Every structure is written in structure tokens, then in C-alpha cells.
Amino acid sequence: MIKLDPKVPDGPLAEKWNKYKSSQDLVNPANKRKLDIIIVGTGLAGASAAASLGEMGFKVKVFGIHESPRRAHSIAAQGGINAAKNYPNDGDSIYRLFYDTVKGGDYRSREANVYRLAEVSNNIIDQCVAQGVPFAREYGGMLANRSFGGALVSRTFYARGQTGQQLLLGAYSAFMKEINRGNVTFYPKREMLDLVMIDGKARGIITRELNTGKIERHSAHAVVIATGGYGNVFFLSTNAMNSNGSAVWQCYKRGAAFANPCFTQIHPTCIPVHGEYQSKLTLMSESLRNDGRIWVPKKKEDAQRIQKGELKPTEIPEEDRDYYLERRYPAFGNLVPRDVASRAAKERCDAGYGVGNTGLAVYLDFADAIKRLGKSVIEARYGNLFQMYEKIVDDNPYETPMMIYPAVHYTMGGTWVDYELQTTIPGLFATGEANFSDHGANRLGASALMQGLSDGYFVLPYTLQNYLADQINVPRFSTDLPEFDTVEKDVKSRIDKIMNVKGDKTVDTFHRRLGHVMWDYVGMGRNEEGIRKALSEIKEIKEDFWKNVRIPGHPEDVNLELEKALRVADYLELGELMALDALDRKESCGGHFREEYQTPEGEALRNDKDYTFVSVWEYKGDGEAPALHKEPLNFEFIEVKQRSYK
Amino acid sequence: MNFTLKIWRQENPNAKGGFETYQLSDISADASFLEMLDILNEQLVMEGKVPVAFDHDCREGICGTCSLYINGRPHGPDSGITVCQMHMRNFKDGSTITIEPWRARAFPVIKDLMVDRQAFEKIIMAGGYISVNTGNAIDANSIPIPKQAAETAMDAAACIGCGACVAACKNASAMLFVSAKVSQFAVLPQGKIEAKRRVKNMVSRMDELGFGNCTNTYACEAECPKNISVSHIARMNREFFISKVTSPKKEV
């Protein structure tokens, strides 16, 4: 039976983090050298933690699935990173960033964690500039800002449309610096396949070396999971092909409870799906909504003619266009949060006003912005995104409006952590997208980068040290211990089992099928009947998978099909938990839209009386129903209101 | 669309590789190049054969993982993009497409089309950073940076580390990659403090790792998916020269 103690320090909101830092336990420099830390994942959360903990003098072992840490998927984040600097003098503050984040998450996040995030946001920008991150600047040499969804201020810092790339390269360079100094070791091409526990504490991992298939054991005093989200459950998502949920899932099966699995972010501006062979979806940054206007035809017959290719969007006169976000949400207009924008697009398309040959797309139009600012300004702001769009769609967005549609982008849910980012397994920490902590039921744009770096640079170095302070007398662990034998045997038998199915269907066949079920029933709109259907279909796919999957080649070799199969086996279980969680939460909030619970205007209808809690799921064994625990959310500092962007 | 594919197959780093020919039919012009390879691999698995190993990840041109040498050009016939951003509409229906891995002494083949590019990491490790620890930073706006300098730094920092420059170069030189990092920091005030050490250490590591030298053919710039300019090589050479003639004999 797990114990949920969020360990939030007492006292006023603005003093909690300082209070924690001034009263936590520290480790002296001579003892730091004797303590090992394993970090799994090299994205923003992992690389920043590796660099910071290495600088402090701990011995850090970092594991990544790529040959280089710089290939982690944080690299693909486009639009920007939020901070409460208030450089534009438009009324921003730490409190306002905190408030917007809690409201944006539809009041389903933990106040103290979010406040801390807002508090350290400014240090992140300082740190990145010191590292040489080339953020956009004004002519006077000061940093430039732009707006993102869900905010009335401009607090987003950016480096063209490649902010994630630049921030990751910053964290990566600091990480490489520490490798050079000798405190950090990088293990490339390693996929974590299981967690090793000794006396109830996380003490090591089992990995597979992807170039040789070799199964390896690694030990440490503490383990950090920074492996990102599980959006690839849906098969099609904006996640990279190798992004996966297996590390998080294996930890769940060893006892790390999983929080809010059904909270998935569907991003409103992605390039629409074009064919069954498609392997992934491409995001068009939310920053485009600063200047682009979203619309569909006002008349259904125009939409139908566009779908048949008989009419072009540029031929539709202004008065026949429905700028539905500006119409429904005059205060925030095209910059409503992602969940609201996605749902509104789905509503129009379901009603028959969608465009493109499938009818599952809306326009994002820059004609007004080009008229107002000139093509060169738009090109300077979004040039790389426009080029990306043109290469994929073969259409020039400077001349005809872009076509976009929502797609799976981010998972707010993840491993449950307390204020210290520690999971329900002592010594196991989770950071970045891998944990559930800061975004509630919906994440605001430009906040993922903020959270990843906040966790890695400014939170974990303190909280992990606090944990390690009472481990200074614990000697390094040998990987010959029986605990390692047992877990390694489990991993090997899992691999043998999957290799020995020797069926007649490819891994992708199953993944695609699972994706369809998840998208149709546990996607943008969910209802009880659909979710029940999903549960029974996932079960069928799972049975079929274990009877009929085919993996050629050998496990002791580069084996890309085996890598995929191990991940899909976990997705099949994870998808089931997502559906269970969606079924249990009988309210609509943020990205979780239960069709049974909506206002007469079609907005999400929360049920604060019964659902102001974090759903925390505990694994109970193979084939057993997981147990649901509830972490109540107490809003001491914010008044909980109906979320409105009108 | 229909294609004949001639693909380099090599079982492991020490095996002797060779081309194999495959036929593919009914490929959509809107499929990406890597999706076309996915379809081929699905077919191979169904035939009980081992699929073609190739590197890829983000499939939107930013992670720098994909690395195919197509019809004699890194990242294929289109310019300014990576393989994963290229679509089959760029090829003639019925044509033969030759696909090889990057070929350079410093990038050994792992399997089929996958190569090991860790040599790049070793160069960055030698000095591709500003030595500042977490928590030391001053307010970001207390370092004003001219817009032009920030833009130049960003042009250089846009490098995705894919290695197309090395693959394109007849000398397998890594000068464009190294110079992009040197240049990014050389134009920023934060980076100037250790500029001399940085360029010296990075260049000497690059030489140790078996990359060739630059003979000004500019193939790297032509094939770079991010259009990184060779002017960064000129800046690096200048920085290197200054460093050589002005550094103290004994480093502290």
C-alpha cells in the first residue's frame, strides 16, 4: 500500500521554496564524490540535472537512447520558454505566471509546485544567456519577448522557431563540460528496461545496449527518470519516433505510482494527417497564433466545395469566413490555451465546416499579418516553420493559408512525485515531462521547456541532495547482488518471450491499431461508452500482439523491431491505464473532455466537489486491476473559478 | 509511384558490405523518404528478412539523427533540408535510388545505413561550451548583445550535428561543424573569455580524431541542411591564428 505525502513545506506560498532550501540537509564535498546518481534521459530535464549535479561534485551516470545527448526530443520544441521577467513592462510577475499556469491547467495541479516553477523561471533565462544561448534580441541589445496561449502578457523568450534546440544545446554543452571534468559519464545508445531495488530503495537499472543488444547492470545511490512523455501511445503524435514510455512504465510496475494518466495534450496547430503510411505528425509552433488567424468557411457548401477541390480558400470573401476563436473568445482570440483551441477546431470540423480533402483541417491565415507587417517580418519570425510546412505539404503558406488540425503533443500525466520530485519509491526521482507535477489537466505553451530546466537546474540539485544526505555511509553497490540477478533475469525472459512469438504481423500493425483506438475513444472527446469500447479493443489487440507479433533477427544485435516491440508491449498496458483513468474522472477539465460533462456553450465542465484531486494509480500485478489513490488538491492561495477566456 | 532501391547492407562494423536491390511499388508522392523506407521494412519483415537499419528520430529536420547519402548527395537531392523532410515527389516515378551511409574514417558504420558519430561529441567535449556553473548567472539583460551578433550566433548555432558536411567533403573534414560552434561563442561577449582555449582545444581534438582538412571546395555549405555558411570556417581560422600567436606559452 503506497503512502501519498506531497511534503509541501508550510508557510506562505512565496516563502515555501526558500524555507525548504534553507532547512534542507546538505552533503559535504568529500562525501559527494562517494555518491553515485543515475539519470535516464538526456533532454532538457536530464541534461540540465546531469550538468548541475556534476558541477556540485556528485558522480553522475547518464543514459541515453541516442549516440548523442543532443538528439533527445527537447531539441524539437519550437516556440519558446516562459519566464516572469516582465521585461516588456506589461504587468507580468511571478504571481501572474503562477496564476496563469494553475488556471491554464484547469485547477488540477499542486499550488506549491507551480509557484516554485514560476519563481525559478527567471533564473533559467539568466542561466541560459550565460551559457551563450542566442535568444532573439531587440536593436538595443535587450532580450525580445512574444506571446503564447493562455496569457495576456508577453513572457515568452525564443530563439527563432528553434528554442528547444538552443536550450538543449545549452544544457548539453554544460553536460559535456562536466564529462570533460570527469564527474559525469555518458552511456550512449542505452535503453532502460527495468529498475533495480534493494531494501525498498531504487538502486540501479538494467539497460540494453542498442548497438550490440547486450544487457547491462548499473548501480547508484539514487535514480532519476527524465525520459519524457508517453504521447506515442497514440502511434501518430508530434513526439519523435524513439520517444517512449517504457522507463516510466517499468518504474510503475516496480511500485512508482502513476498520476493522471489520461491528461493528454492535443496541440491545435499541427499539419493534418494525409495517409495511412504516415509515421508521425509535425507541429507548427503555437507562436504562429501571434500573427495567424484561424478560420473555416461560414457556409457549409463552401466547405464542401473546398473539400472536393473546387474552391480555394483565397476565393472566399472576408464576410464568408468564420474566425471562430475570435468569435467565441474575444478576450484571448487566437491565443486561447491549447485545449480550448483544439476542441473548437474539432467542433467546427465535426459540424461539417472543416477544410482540406478529408474535412479534418482548419485554416491558419497570415494574409492580414503580411499586409500589416510585410512579408519580410513574417519571414524573419517564422521562416523556418513556413519552410517546414511547404516541404511537407507542397503548398506556399505565404500565399495560401496553412491547413492545421490538432494532434497529440504532450502528456501532463506521468509518474507521481512529491514536492521534492521523489516518486513513491524512495530514491527514485522523476523530472520533466516524465512526472505529472506542474501542468494540471492542460499545459500552457512555452511551459514545458521551463519545467524541464527548472527541475534539472534548480529543483533536483537541492532535493536530491537532501535525500542523499543520509546515504553518506552507504558504500557503492556491486551489480553482482542477487537483486540485480533477479531483475536482469526478468528482462531477459521478457525479451525471449517477445522474440519467441514468431507470429506473422509487424510491430507497427499493432501500434497503429492501438493508436486508432486511443485517438477515437481516449482522444479529444471522450465518453463512457467509447472508453469502455477502447478497453475491450485494447485487450484484444494485446492478446493478438502476444500471439502474432513477428520480430526478425537476433536480440544480440542492432534490432530495431525488437526495440519497437518492447515499447509497444508497454504502450498496450499504458493505454489501458489511460482509458481507466479517463473513465473514472467523471468531469471535464483541461485536455480531458468528457462529452457528458459540458456547459450549454460546449465548454469543459469541471466537478470541483468530487474531483479536486490527483488520480494516483498503483500497480497491483499482472492481470490485476490497479488501485486508485487520491491526492487532494488544496487551493489555499488561488480562488478556484470556472475557467473563462471570453 | 514505383522505385528500384539500391541499398547498402552491412551486417556489422567489421563485415564487408554491399548493395542489395529492392523493388517498391504504389508509393504515394506525399510519403516522406523515411516513410518509404518504413514501407520497405514492413515488406521485408513480412518476407521474413531483416529490415534495413537506418538512423532517424524526430522526422522534422531538427534532431540531426537521419543521415542518408542518396544518389551521391548527403540528405538527397533537395537542398536546405534533412532526409526526413524530403518527400517522394522529389523523385521521378520508376527511377532507381541509391542509398548509402555517411562515409568517413571518423564515422564507422554500425550496421547498414547507421554510422557512429560520437567523434562529434568528443570535439564538443574538448571545449564547445562556456564554462559557467548553474546558479552563477547575472540578470540576462545585464549583458546587452547587439542584434546582429545575436543573429550571427544563432545562424551558427542552428547546426544540428548531422555530419552531412563531413559526408559531403572529399577530405571528410569537420571544419564546418567545428567552426559553427566556435563562431557562435566567438561573436558573443559571454564566449569571448575562453575563446582562445576553446578554438585551440577543439581544433586539436578534431585533428586527433581523423577528420581531414579544409581545401575550400565548399561542398559542406552546399549540402548543409541548415545552410550553415563557410564564413564560419574563415572566422574559426582567424580565431585559431590569433590564439596560436597570442596565447601564453604555459596555460594556467
Side-chain angles (χ1 to χ4, degrees), chain A residues 51-52 55 66-68 70-71 73 75-76 85 87 123 125-127 129-132 134-143 159-160 162 165-166 169 173-174 176-177 179-180 188 211 240-242 274-275 277-280 282 387-388 391-392 394 457 461 506 508 550 552-553 558 560-561, chain B residues 28 30-31 34-35 38-39 42 45-46 48-51 53 56-65 80-81 85 87 89 110-111 114 116-118 120-121 124-126 128-134 136-141 143-147 150 153-154 157-158 161 184-185 188 190-191:
Chain A
S52 307
E55 287 162 5
H66 297 99
E67 92 224 297
S68 164
R70 66 182 290 164
R71 313 243 186 259
H73 195 50
I75 201 96
K85 284 280 192 187
Y87 285 156
N123 303 94
I125 303 302
D126 299 342
Q127 184 63 32
V129 167
Q131 287 168 345
F135 283 120
R137 291 188 179 255
E138 307 289 356
Y139 282 106
M142 300 291 133
L143 290 159
R160 294 191 191 149
Q162 291 131 276
Q165 180 198 27
Q166 295 310 315
L169 292 181
S173 68
M176 298 308 270
K177 160 178 75 74
I179 299 180
N180 202 35
N211 284 349
M241 304 301 284
N242 289 303
H274 52 80
Y277 52 82
Q278 198 163 352
S279 58
K280 78 153 271 168
T282 304
Q387 183 226 27
M388 208 194 264
K391 291 292 176 193
I392 294 173
D394 201 18
Y457 283 137
T506 63
D508 280 356
R550 169 185 287 184
V558 173
L560 302 167
E561 291 297 307
Chain B
S28 160
D30 289 329
L34 299 187
E35 283 162 357
D38 290 342
I39 296 169
E42 290 275 303
V45 174
M46 290 319 291
K49 294 179 183 151
V50 175
H56 65 100
D57 196 25
C58 78
R59 297 205 175 188
E60 50 188 79
I62 193 75
C63 71
T65 310
I81 54 169
Q85 292 175 288
H87 287 70
R89 63 180 91 95
I110 297 166
K111 184 178 178 151
M114 294 167 80
D116 183 347
R117 284 166 285 184
Q118 283 182 61
F120 271 8
E121 308 313 302
I124 296 293
M125 233 181 271
Y129 41 76
I130 291 173
S131 301
V132 54
N133 284 4
T134 306
N136 288 325
I138 48 169
D139 182 77
N141 260 352
I143 318 170
I145 296 172
K147 192 177 171 73
M154 181 63 215
Q184 177 194 346
F185 292 139
L188 294 174
Q190 310 93 299

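The shown structure was predicted, so the numbers you read here are calculated from the model rather than taken from an experiment. Naming: A, B, ... by sequence-line order, numbering from 1 per chain. Side-chain atoms are counted along with the backbone in the values below, which use heavy atoms only and exclude waters and symmetry mates.
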Where does [X] contact chain A at under 4.5 Å (heavy atoms): side chain, backbone, both or neither?
X       : value
H56(B)  : both
L188(B) : side chain
I143(B) : both

Which residue out of [options] racks up the most heavy-atom pairs below 4.5 Å with chain B?
options                            : answer
I392(A), L169(A), I179(A)          : I392(A)
H66(A), K85(A), Q278(A), R160(A)   : R160(A)
Y457(A), F135(A), Y139(A)          : Y139(A)
T282(A), D508(A), N242(A), L560(A) : N242(A)

For this session: Measure from NZ or CZ of K177(A) to the centre of the six-membered ring of Y129(B) and say whether it is under 6.0 Å with the direction within 45° of the ring axis.
Result: no
For this session: Please assess R71(A) against R117(B) for the test side chain to side chain contact (heavy atoms under 4.5 Å, CB included), listing each intermediate value before the final yes or no.
Result: CA-CA 12 Å; R71(A) 313 243 186 259; R117(B) 284 166 285 184; 3.9 Å; yes
[X] versus chain B, heavy atoms under 4.5 Å apart: side chain, backbone, both or neither?
X       : result
Y87(A)  : side chain
Q131(A) : both
L143(A) : both
Q166(A) : side chain
Q165(A) : side chain
E138(A) : backbone
N123(A) : neither

As an exercise: rank [options] by heavy-atom pairs under 4.5 Å with chain A and give me the winner.
options                          : answer
E42(B), Q190(B), R89(B)          : R89(B)
V50(B), N136(B), I110(B)         : I110(B)
S28(B), A157(B), A53(B)          : A157(B)
I138(B), L34(B), D116(B), I39(B) : I138(B)

Exercise. Going through the checks in order, is the side chain to side chain contact (heavy atoms under 4.5 Å, CB included) test met by R59(B) and M241(A)?
Worked result: CA-CA 8 Å; R59(B) 297 205 175 188; M241(A) 304 301 284; 3.5 Å; yes
For this session: Let me see the working for M114(B) and E67(A) under side chain to side chain contact (heavy atoms under 4.5 Å, CB included), right down to the final yes or no.
Result: CA-CA 11 Å; M114(B) 294 167 80; E67(A) 92 224 297; over 6 Å; no
For this session: Indicate the atoms forming the closest heavy-atom contact of E35(B) with S279(A), along with that distance.
Result: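 What the structure gives for the nearest pair is OE2-N, 2.8 Å.
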Problem set entry | Taking every non-hydrogen atom, the tightest pair across A240(A) and D57(B) |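 Looking at all heavy atoms of both residues, the shortest contact is CB-OD1, 3.3 Å.
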Problem set entry | Exam field: side chain H87(B) to backbone Q85(B), donor-acceptor pair closer than 3.5 Å |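 The answer is yes, because a donor-acceptor pair under 3.5 Å joins these two groups.
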For this session: Check the side chains of Q118(B) and S68(A) for a donor-acceptor pair under 3.5 angstrom, ignoring hydrogens and angles.
Result: no
Problem set entry | Verdict with reasoning, E60(B) to K280(A), per salt bridge (Lys or Arg N to Asp or Glu O under 4.0 Å) | CA-CA 9 Å; E60(B) 50 188 79; K280(A) 78 153 271 168; 2.7 Å; yes
